Every structure is written in structure tokens, then in C-alpha cells.
Amino acid sequence: MTETALVLAPLACAAVLLLSGVAKYADTDATRSAFVSMRVPRALSSPTVVRLLPTAEIALGVLLLVTWSWTLTVVAAAVTALFMAYWVLVLLVLRRGDEVDCGCFGAAGEDRVSWSTLARNTLLVGLAALAAALGAGGSGVIPALGDLGSADVAWLLMAVAVTATAVLVVGLRRPSGEQVADEDLLDYEREPIPFGLLRDREDVSVTLRQLASEKPQLLLLLSSTCGACHDVAAKVPDWIARLGPVEVQLLFTEPLDHLPSEVTPPGAKVWYDVEGGANFAFAAGRPSAVLLGADGLIAGGPVAGTAAITRFLDDIIAELAAAELDAEGQPTALAVPAAVEVDHGHDHGHDHGHDHPHATADHGA
């Protein structure tokens, strides 16, 4: 019975490694961004390591299934070391208070680092150790499955079915930005621009409302330690050239003097978010974006993540191109999809109003 239970350990670890490796192959940029965001040591974050990591995970996953005895012990020990490395990286991120996506499952979905991430990795370390124990006992997945009786097989199949059901249920609950009901688009209500104080490199301060008093403002909330933020910053010059009357502002919660050039592209104003007021109101992680209207109301967003921000900007640029221009060359109306409705009454500055993932809002510039 003990061997029957232990066989679940390498099966679970193999499933995680295979899913993670295949997903990383589908989105190598997410892995690279995650390495930067999580501050992986330079010696371990070279392009070669990033490129080979999915292969290594898939290879370890397969070996967990096909080896036994001392060979399985060696493989499981390597898996334990890998999971321990992930565990340490996650703990360091949590201790620094950074808001990053670990890229654990590549294109399979965003995985914001949280204490639940650490708990998951703790369980994986324990399961990998149990897989090593199975090998040390002279067994493995193939021998153990061959020795199972009909009752043991039934229990194993039920365990796999329950696990698969749980994964599917959790996966189906993930909000999708691509599937939005029409009624959700009509429910979005524009809200007043909240208070937030910004300060530039010349020590000039301005509130969010003052910033948007004459022209609509696109705020990009970034961090120098966020790999995805580097990707967003690289797109800023092109966005500036295409946004016309909409000005682009970059907001940080770290000292401006120490920002690398990779996150401060030319053409965009850089601001320090005093006491993190704007991030509290708008950032569901970084990078995030929000559009402020010149009428004192939020015109769109906020949205979080590179893909969501890119879609958000494409929508804004499309609306600008289609908008009718008044005599001064300014758009008379700007309807922008808001991918996350703002909830200023939330206890924390994240996960705003997920009831209506997309909406439209008219903006009078």
C-alpha cells in the first residue's frame, strides 16, 4: 500500500514538469522576462540557460516516469534541487515585496508570485523527495504499476481523475480577456480620477487630475526589476508616435535617479509615484496601464500584463484613427475598452472589479 501511495509522487512531479516545459517552449519571452523580474543570478540567466530550461524540465519529467531504483533516486534528487531553487527564488521575491510573474507555466497563463506560489513549491519539493524515496526502495513508476492489484488501480485512476477535475475547474475560473459578454461592455461606468501625487526628476509635483487637465494621459506603471516592464517600455516610442493627442507618462515607485535606460525610453515623461498612490489605485501588478481623460474621469483600464496592455493600446490607437476630429484637430470622442473596471473601494490596490473584465467609456478630450 505504501508503494502504491508513493507512486503518485513521481507522477505528480512529472505532470508538473511536462506541463511547465511545454508551456515555456510556447512562450520563451515569458521565461526570459521572469528571470529578469525574479532577479535570477546572471550566471544562471544567460540566453543558453533560458533556452535549455524547457528541455531540461521535459527530460526530467520523462525520466521520472521511466526510471526506477537508484536511477530514479538520482533523477528525483535533481528534480528536488530544481524545485528547491524555484522555492528560494519565490521566497526572495516575496521578501522584497516585488510584484512579478514567475513565468512558471509560460504561455499557460499568468502566475503572479504570492504566498500560494511558495506553498505550491513547498509541496512540489516534498513530492520530489518522496519520489526519491520510492527509488531508494528499489521501485519506480513502471515496476509499481506492474505490481498493482485491481483495487489499487481503481484508487490510482480515481486520484488522477480527481486531480484532473480540480485542475480543469481552477483553469476554467481564470478570467479570459477574449470572451466578454455584451452586457459587460455596457456596465462599465467611468469613475473620477482618484488622488495621486507624482514627482519628477526636477522635484516638481503634480496630482493625477492636474496631469490630465488639458490632454488625455496614458499612465504606464512600471518597475525596473520587472522583465515584462522592459518589454512594455521597448514599445513606448512606437506608441507615442501613434497616440496623437494622448500623452504617455511612466510611473515608478523607486528612485528615478537609479532607473536603467531600458525602462525610460525617450519621449515619455518619468514620474515618481509618491507613497504609491497611483499604484494603489490602478496596479493589479506590473506592468499596468490606465487611460485618464481630460474631463477628470478614467477613460479606460486599468489593465495588467504585457499582452493585455498591448491589446489596450491597439484599441486606443484604433479608436483614435476612427474618431472624428474637431476644428483644433482633437478627437471629439474616444471610446476605449477598459479591460479591468476600477474599484476604488477595494481594501488593496489589486484585483480591481473583476465582475466586468471589459467595458467601453466615452472620453471628451
Side-chain angles (χ1 to χ4, degrees), residues 1-28 30-32 34-35 38-93 102-106 108 111 113 117-149 152-153 155-157 159-160 163-164 167:
M1 180 61 71
T2 301
E3 186 178 284
T4 303
L6 284 179
V7 76
L8 290 173
L11 285 174
C13 291
V16 170
L17 287 169
L18 291 172
L19 173 61
S20 175
V22 171
K24 286 185 174 69
Y25 262 127
D27 192 355
T28 54
T31 304
R32 177 178 57 80
F35 272 48
M38 300 183 73
R39 307 189 194 184
V40 176
R42 183 167 299 179
L44 300 176
S45 58
S46 66
T48 301
V49 173
V50 173
R51 185 173 63 254
L52 293 179
L53 181 59
T55 303
E57 290 186 340
I58 292 174
L60 288 172
V62 172
L63 289 173
L64 283 174
L65 298 176
V66 300
T67 58
W68 58 87
S69 190
W70 66 268
T71 311
L72 173 60
T73 302
V74 173
V75 173
V79 173
T80 303
L82 178 64
F83 286 160
M84 274 300 303
Y86 291 160
W87 189 93
V88 171
L89 287 173
V90 169
L91 179 62
L92 292 176
V93 168
C102 71
C104 304
F105 296 99
D111 193 357
V113 172
T117 310
L118 187 67
R120 180 187 67 199
N121 284 12
T122 302
L123 290 174
L124 289 174
V125 169
L127 288 171
L130 289 175
L134 179 65
S139 187
V141 173
I142 295 176
L145 291 179
D147 294 337
L148 293 181
D152 294 329
V153 172
W155 275 104
L156 181 59
L157 291 176
V160 172
T163 302
V167 171

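Just so you know, these numbers come straight off a predicted model, no measurement behind them.
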Between [atom1] on residue [X] and [atom2] on residue [Y], distance to nearest 0.5 Å:
X	Y	atom1	atom2	result
L89	L118	CG	CG	11.0 Å
L11	L145	CG	CG	6.5 Å
L19	K24	CG	NZ	9.0 Å
Y25	R51	OH	CZ	10.0 Å
L91	T117	CG	OG1	12.0 Å
S46	L52	OG	CG	8.0 Å

Shortest non-hydrogen separation from [X] to [Y] and the atoms involved:
X	Y	result
C13	A128	SG-N, 3.5 Å
L124	V16	CD2-CG2, 3.9 Å
L72	G140	CD2-CA, 3.7 Å
P54	G21	CB-O, 3.4 Å
G61	A14	O-CB, 3.3 Å

### Message
Is the shortest side-chain heavy-atom distance between I142 and L65 below 4.5 Å?
### Response
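Side-chain contact under 4.5 Å: no.
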#### Entry: Pairs involving residues 61-84, ordered by first then second residue, that meet side chain to side chain donor-acceptor pair (under 3.5 Å) (sequence neighbours left out)
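Qualifying pairs, neighbours excluded: none.
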### Query
When L17 is tested against each of I58, V62, V79, L63 for side chain to side chain contact (heavy atoms under 4.5 Å, CB included), which residue passes?
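The option that passes is V79.
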